[in-house]
Amino acid sequence: MTPTAPNPAYDPNNVFARILRGEIPCHKVYENDAALAFHDITSAAPVHVLVIPRGAYTDFHDFTRRATPEEIAKFWQAVDHVVQQENLLPAGFRLITNTGPDSGQEVPHFHVHLLGGEKLGPLLSRKS
Ligand code: AMP
């Protein structure tokens, strides 16, 4: 499962890269050979899990362009596994991925936020 080429924009010292290397701890929820899922340190809902690929991708766009079909499939299978493990159906859940400055992306390693466990309210609260 090797991506097409290294991404020079990827920062190998971002916090999720360090979690993947075991340099800092996480509260693991699930893993497979392409993805790791763990609790967000600042929970925004009763269930707030981050799912990240093991490969070095900066964001959704980078992942979608450069990851192998097998990596992409196993990443989304991991997301689906956590949905079931956390009993988020049939009540439902929300998936969010931030990409780039307009989104407020803080960690430059592709991740999805999986949120649920209560009614989540409006998608965005716009700044005035
Ligand atoms: P984003 O703004 O989409 O890049 O979200 C990054 C998320 O990573 C935030 O919700 C943070 O609370 C979360 N986060 C940052 N550091 C850690 C960490 N060490 N363990 C778990 N979650 C983290």
Side-chain angles (χ1 to χ4, degrees):
M1 283 195 293
T2 308
T4 50
N7 181 354
Y10 183 79
D11 170 12
N13 291 315
N14 75 75
V15 64
F16 293 170
R18 297 186 65 204
I19 286 174
L20 284 165
R21 291 197 295 268
E23 293 170 4
I24 56 177
C26 72
H27 186 161
K28 185 169 70 180
V29 171
Y30 176 72
E31 66 182 328
N32 63 21
D33 62 357
L36 173 67
F38 53 94
H39 288 294
D40 195 296
I41 205 167
T42 309
S43 188
V47 175
H48 187 172
V49 174
L50 299 170
V51 189
I52 69 175
R54 294 191 183 279
Y57 304 104
T58 57
D59 56 28
F60 172 79
H61 183 68
D62 189 31
F63 180 69
T64 303
R65 290 285 184 94
R66 297 195 311 108
T68 65
E70 186 182 5
E71 280 179 291
I72 293 171
K74 287 187 171 177
F75 175 81
W76 291 111
Q77 285 163 7
V79 175
D80 184 58
H81 186 101
V82 177
V83 165
Q84 295 175 63
Q85 185 174 308
E86 299 292 323
N87 294 312
L88 293 176
L89 289 174
F93 58 89
R94 182 172 291 159
L95 279 177
I96 294 174
T97 186
N98 291 316
T99 299
D102 272 5
S103 73
Q105 181 181 2
E106 292 173 7
V107 180
H109 181 113
F110 172 52
H111 54 281
V112 296
H113 298 252
L114 174 58
L115 297 148
E118 66 181 8
K119 286 202 182 297
L120 295 169
L123 182 59
L124 295 174
S125 55
R126 296 191 70 88
K127 293 179 184 158
S128 54

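Just so you know, these numbers come straight off a predicted model, no measurement behind them. What you see below is based on every heavy atom in this structure, not just the backbone, and it leaves out hydrogens, waters and symmetry mates. Counting starts at 1 for both ligands and their atoms, in listed order.
- Ligand 1 has no atom lying under 4.0 Å from any heavy atom of His27.
- Taking distance alone, with nitrogen or oxygen atoms compared against 3.5 Å, Gln105 stays at or beyond that limit from ligand 1.
- For atom 4 (O) of ligand 1, the candidate residues are His113, Arg18, Glu106; the nearest heavy-atom contact is made by Glu106.
- At distances below 3.5 Å, not a single donor-acceptor pair connects side-chain atoms of Glu71 with backbone N or O atoms of Arg66.
- Tyr57 and Phe110 have their aromatic ring centers separated by at least 6.0 angstrom.
- To the nearest 0.5 Å, atom CD1 of residue Ile96 and atom CG of residue Leu120 are 8.0 Å apart.
- The nearest heavy-atom contact from the protein to atom 1 (P) of ligand 1 is His111 NE2, 3.2 Å.
- Among all non-hydrogen protein atoms, the one lying nearest atom 19 (N) of ligand 1 is Val15 CG2, 3.8 Å.
- Near Thr42, with a cut-off below 4.0 Å to any heavy atom, the atoms of ligand 1 are 12 (O).
- Atom 8 (O) of ligand 1 has as its closest protein heavy atom Phe16 CZ, 3.4 Å.
- Closest heavy-atom approach to atom 11 (C) of ligand 1 within the set Thr99, Asn98, Asp40, Asn14: this belongs to Asp40.
- Comparing Ile41, Ile19, Asp59, Ile24 by heavy-atom distance to atom 17 (C) of ligand 1, the nearest is Ile41.
- Two rings, from His109 and Tyr10, have their centers less than 6.0 Å apart.
- Residue Leu50 approaches ligand 1 through these ligand atoms, each under 4.0 Å from one of its heavy atoms: 8 (O), 13 (C), 22 (N).
- Residue contacts with ligand 1 include Gly104, since one of its heavy atoms falls under 4.0 Å from the ligand.
- Taking all atoms of both residues into account, the shortest heavy-atom contact from Thr42 to Asp40 is N-OD1, 2.8 Å.
- In this structure, Phe60 CZ and His111 NE2 are separated by 13.5 Å, a value rounded to the nearest 0.5 Å.
- Residues Val29 and Glu86 meet the side-chain proximity criterion, which asks for heavy atoms closer than 4.5 Å.
- The part of His39 lying near ligand 1 is the backbone, judged by heavy-atom distances below 4.0 Å.
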